Amino acid sequence: MINLRFFARLREELQTGSETMEYSSETQTVEAVVAQLKSRGGSWSDLFGDGQTVLVAVNQEMCDRDSSISDGDEVAFFPPVTGG
Amino acid sequence: MINLRFFARLREELQTGSETMEYSSETQTVEAVVAQLKSRGGSWSDLFGDGQTVLVAVNQEMCDRDSSISDGDEVAFFPPVTGG
Amino acid sequence: MNQIKVQTEPFDMAAIQEALRRSSAGIGAVVTFVGQMRDINEGDAVTTMTLEHYPGMTEKALQAIVDEADDRWDLMGIHVVHRVGPLQPLDPIVLVAVASAHRGEAFQACEFVIDYLKTRAPFWKKEQTPEGERWVDARHSDDQAESRWKK
Amino acid sequence: MNQIKVQTEPFDMAAIQEALRRSSAGIGAVVTFVGQMRDINEGDAVTTMTLEHYPGMTEKALQAIVDEADDRWDLMGIHVVHRVGPLQPLDPIVLVAVASAHRGEAFQACEFVIDYLKTRAPFWKKEQTPEGERWVDARHSDDQAESRWKK
């Protein structure tokens with residue numbers, strides 16, 4: 001199982017802040033998880049589609065799309081940050 | 001008449017904070033005034049001698065040695081500043 | 001010592017700076033940055049702002065930035081406080097205070113921390129304007145400010 | 001608005017910063033530098049310090065520095081306060097607070113003002129140490145800091 005989290009504009013447009021996803025051969029990299037989310041269609045394919053800047057953190061550390069994911073990881077998606 | 005002022009280490013070592021000096025053909029530039037002060041000997045020649053950094057302000061604005069002086073001006077001498 | 005706080009309630013800028021500067025008589029310089037909410041952004045009036053964050057990651061990200069500042073400069077204390085939740089114009093949003101023996105390092109480290117915070121700490125601003133709500137877009141100038149510090 | 005003060009009595013850092021940052025809801029950034037007295041200098045313990053200045057010229061010199069900062073950057077207020085007379089370790093000596101819409105300008109202007117103050121404003125420090133009194137020497141590093149801003 002991996003724990004997905006969504007923040008800010010993503011959380012609002014996807015209408016969910018979190019979900020769990022089965023850990024499988026299809027979820028072993030950030031890129032693979034993104035591909036699954038995109039395949040859901042609707043807002044999912046819009047928000048994770050080409051030209052969208054979505055940042056990713058694995059276990060609360062910023063990661064790249066090719067970062068690997070382990071069973072039990074927390075994988076968060078969010079827009080570029082705007083604090084400060 | 002010009003008004004001379006001395007600050008910090010200069011004031012202490014010269015044992016005076018101010019004096020007046022006759023305005024004459026010998027006091028029309030900072031350099032000329034410095035030459036007069038230096039000619040007094042003792043601490044005066046030490047403090048205004050070669051190798052000493054003495055800053056000058058004419059009418060409360062930083063000036064160079066070749067700045068001209070008018071009758072009634074306030075001419076101040078002091079070491080490099082160390083505030084802040 | 002360093003201190004990092006993320007909180008809903010207002011913070012006491014004076015108390016934070018006072019505690020930091022009094023923490024050692026070897027401190028010669030304290031540089032403080034305060035970012036506050038403006039009543040206008042991108043030309044529009046903004047009446048309220050809501051700051052969302054990623055609890056847990058926020059603190060870790062701030063800690064990593066503060067640790068890196070400590071590595072790069074010779075400092076005597078860094079305090080970072082960032083508010084979340086609803087804010088009004090003139091409300092302070094963030095404070096970064098850095099103490100050092102000499103001013104050059106305090107200035108550099110303070111600007112470094114806020115520049116990195118702006119691009120690396122998971123906070124998001126949503127503005128309420130007379131025309132409705134909107135998420136604030138990331139600024140290209142913040143990316144440029146961050147990239148100055150890349151070694 | 002800008003404010004310049006030279007005074008013997010302690011100053012209220014919190015009140016100054018609060019007045020400055022509340023002066024406009026268009027202010028997004030306030031950068032504050034506080035220089036305070038260290039209990040050690042050049043390796044020696046310092047118990048007291050006395051700050052002499054050149055009344056009249058001091059205010060003019062500070063005004064010229066503040067005016068130049070205003071010319072160079074887009075600012076929304078500069079407050080400078082400098083103490084003179086006797087000081088103890090941990091006493092704040094000088095405060096420079098700069099407000100602006102955006103942080104980059106506030107940081108630069110604040111550092112510019114203190115760098116120029118350190119080389120152009122007529123203040124002199126005399127330290128009392130266990131070995132006796134001594135005038136503080138000007139630092140080469142302050143000349144270098146100033147020269148960075150030459151156009």
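Everything numeric in this text was worked out from a predicted model, so none of it was measured.
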Self-check item: B:Glu19 atom CD: more than 12 heavy-atom contacts under 6.0 Å
Solution: yes
Quiz prompt | Over 12 foreign heavy atoms within 6.0 Å of CD, B:Gln15 | solution = no
Exercise. Check the pair D:Glu52, B:Arg11 against side-chain contact (heavy atoms from CB on, under 4.5 Å), reporting the backbone distance first and the verdict last.
Key: CA-CA 11 Å; D:Glu52 179 172 334; B:Arg11 176 182 52 71; 2.4 Å; yes
Looking at [X] and [Y], what are the two nearest heavy atoms and their distance?
X        : Y        : answer
B:Gly83  : D:Leu117 : C-CD2, 4.3 Å
D:Thr119 : B:Met62  : O-CE, 4.3 Å
D:Trp124 : B:Ala8   : CG-CB, 3.5 Å

Exercise. Among B:Pro79, B:Ala76, B:Pro80, single out the residue with the greatest number of heavy-atom pairs under 4.5 Å to chain D.
Key: B:Pro79
Quiz item: Taking only heavy atoms into account, what residues of residues 53-87 of chain D are found under 4.5 Å from chain B?
Solution: D:His53, D:Tyr54, D:Pro55, D:Gly56, D:Met57, D:Lys60, D:His82
Quiz item: Short question: side chain of B:Thr82, backbone of D:Asp137 - any donor-acceptor pair under 3.5 Å?
Solution: no
Practice problem: Check whether any side-chain N or O of D:Lys125 sits under 3.5 Å from a backbone N or O of B:Gly84 as a donor-acceptor pair, and report yes or no. | Solution: yes
